Amino acid sequence: MSIFDDKTTYSLARLHEPLLAWYDTCKREIPWRGASSSYFVWVSEIMLQQTRVEAVRAYFLRFTAALPTLQHLAECDEQTLLKLWEGLGYYNRVRNMQKAAKIVMEQYGGELPRSYELLLTLPGIGEYTAGAIASIAYNIPVPCVDGNVMRVLSRVTANSADITLSSVKKDYQVLAQSMIPMDDSSNSPALQDRSSPRAGDFNQSLMELGATVCVPNGAPLCDVCPIQTQCKAFLSGNPQHYPVKTAKTARKIEKKTIVILMYGDQVLLQKRPNSGLLAGLWEFWSMDGWLNRDELTNALMEQGIFANAIHSLKKAKHIFSHIEWQMQGYLVYLEKLSTIGGGEWVKLTDLRENYALPSALKAYSKELERWVLP
DNA sequence: AAAGCGGGGTC
DNA sequence: GACCCAGCTTT
């Protein structure tokens with residue numbers, strides 16, 4: 001039983017006309033829009049997961065310049081890959097994308113399959129991304145339902161169902177599917193074999209409207225909306241009541257001590273584990289909890305390290321979606337080069353060019369540059 | 001169904 | 001502060 005009745009579905013049947021007309025004249029200029037390969041569509045869609053268009057622009061241009069084809073991606077070493085993704089977050093996205101690229105090279109002759117179901121089997125490609133690639137790159141008439149689409153459609157229909165429920169998302173996918181403009185001259189029985197020259201544009205028109213007009217955070221710009229007169233939430237004067245979502249669980253706080261160990265123009269880095277938070281990225285030596293100067297000196301001595309000088313750095317905070325790091329920092333000059341388990345001494349120039357550090361440590365990597373420059 | 005997974009913009 | 005973002009994977 002769907003949250004949408006037949007009458008609601010029928011009332012949206014021809015909404016593609018004003019949406020496409022609006023999209024044709026008002027869409028933003030975006031690097032991956034226009035005549036682009038399925039590979040470029042794929043790269044952009046992975047980058048856009050939980051990430052705004054404005055944040056993606058520069059990353060997309062740099063990434064596709066370095067790795068212009070799917071084969072380049074499949075053959076890239078992981079260190080370079082993570083450096084290209086540095087600062088964009090959700091780093092498993094790029095590792096999964098490379099896994100998928102290797103599969104595409106081996107099983108599909110180097111081109112992404114022209115099938116929603118086959119796309120869905122690739123690592124890192126879920127229902128949204130499979131629908132986006134299939135419709136935007138190949139004009140296959142399948143929906144792609146993201147946060148924008150659910151926000152727009154929940155307002156248009158004034159529907160209060162909780163969009164965090166997977167059953168509700170399914171109903172939005174069915175509704176979005178029914179809205180895709182179909183070429184009536186084709187009469188193939190299988191929907192996905194039928195032609196829909198504007199399936200990709202239509203899906204993008206819904207997302208573009210959500211991103212630029214039917215916005216989250218505060219009041220939407222209903223006065224410039226092309227489907228204002230057909231929006232139930234606008235007509236009731238309460239678009240900001242939609243969509244309805246249940247609250248997220250609270251973040252937990254973790255205290256850490258960040259220690260920048262230096263010797264000459266080298267700094268000690270450690271590689272994070274291959275799974276979990278910030279998997280595969282590099283970081284400074286660190287310990288759980290806040291250590292004062294004496295405790296740090298003792299901790300270093302236990303590692304067989306004797307500090308020449310210990311400088312206290314400012315406290316710093318970084319907020320992830322589910323964790324908050326509260327960090328106390330130190331910069332330590334060593335008397336002689338000592339190795340710590342699992343660590344690697346890296347020259348500053350090498351660090352800047354080749355080692356991916358999480359943005360969570362940005363305050364301390366800046367401190368490092370400040371101490372070294374003069 | 002819920003939790004883990006980044007980082008930044010906006011109000 | 002809280003909320004959200006062209007979501008996916010694991011538990």
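If you're wondering where the values come from, they're calculated on a predicted model, not measured in any experiment. Here is the naming used below: chain letters follow the sequence lines, and residue numbers restart at 1 for every chain.
The nucleotide whose nearest atom lies closest to any side-chain atom of A:Thr249 is, among B:dC5, B:dA3, C:dT9, B:dA3. Minimum atom distance to the side chain of A:Pro216 is reached by C:dC4, of the listed C:dC4, C:dA6, C:dC8. Each of B:dA1, B:dG6, C:dA6 was ranked by its minimum atom distance to the side chain of A:Ser166; first place goes to B:dA1. When distances are taken from the side chain of A:Leu278 to each of B:dG6, C:dT9, B:dC5, the shortest belongs to B:dG6.
The gap from the C1' atom of C:dC5 to that of B:dA1 amounts to 22 Å, rounded to the nearest Å. Comparing the P positions of B:dG8 and C:dC8 gives an interatomic distance of 22 Å, to the nearest angstrom. Comparing the C1' positions of B:dG6 and C:dC3 gives a spacing of 16 Å, expressed to the nearest Å. To the nearest whole angstrom, the two C1' atoms, one in C:dC4 and one in B:dC5, are 16 Å apart.
Across all strands, A:Arg33 comes closer than 4.0 Å to base atoms (heavy-atom distances). Note on A:Tyr128: a base of the nucleic acid sits closer than 4.0 angstrom, heavy atoms only. Contact annotation for A:Gly210: no contact, since no heavy-atom pair falls under 4.0 Å across all strands. In this structure, A:Ser321 reaches the bases: a heavy-atom distance under 4.0 Å links it to at least one base atom across the strands shown. Counting non-hydrogen atoms under 4.0 angstrom, A:Arg28 reaches a base of the nucleic acid. Counting any heavy atom pair closer than 4.0 Å across all strands shown, A:Lys252 reaches no nucleic acid atom. When heavy atoms are screened at a 4.0 angstrom cut-off, A:Ile125 is found touching the sugar-phosphate backbone but no base atom. Across all strands, A:Gly218 comes closer than 4.0 Å to no nucleic acid atom at all (heavy-atom distances).
Exactly one residue among A:Asn96, A:Leu82, A:Leu277 makes a side chain to side chain contact (heavy atoms under 4.5 Å, CB included) with A:Tyr91. That residue is A:Leu82.
Listed here is the closest heavy atom pair of A:Arg33 and A:Glu208: NH2-OE1, 2.9 Å. Here the shortest heavy-atom pairing between A:Cys222 and A:Gln228 reads O-NE2, 2.8 Å. Across all their heavy atoms, A:Pro123 and A:Ile103 have their closest contact at CD-CD1, 3.8 Å.
A:Trp282 and A:Gln79 share a side-chain donor-acceptor pair at under 3.5 Å. Side-chain contact check for A:Thr129 and A:Gln49: at least one donor-acceptor pair (N or O, by modelled atom type) lies under 3.5 Å.
Between A:Thr129 and A:Asn217, the residue whose closest nucleotide on DNA chain C is further toward the 5' end is A:Asn217. Both A:Leu277 and A:Leu165 sit near DNA chain B, but only A:Leu165 has its closest nucleotide nearer the 5' end.
The side chain of A:Lys362 places an N or O atom within less than 4.0 Å of a non-bridging phosphate oxygen (OP1 or OP2) of B:dG8. Taking 4.0 angstrom as the limit, A:His322 places a side-chain polar atom (N or O) nearer than this to OP1 or OP2 of B:dC5. Between A:Tyr90 and C:dC5 there is no side-chain N or O to OP1 or OP2 distance below 4.0 Å.
Aromatic rings of A:Tyr172 and A:Phe4 (six-membered ring for Trp) have centroids within the 6.0 Å cut-off, being under it.
Non-hydrogen atoms lying under 4.0 Å from DNA chain B are contributed by A:Gln50, A:Thr51, A:Arg52, all within residues 38-66 of chain A.
By the 4.0 Å N-to-carboxylate-O rule, A:Asp201 lies close enough to A:Arg198 to be salt-bridged with it.
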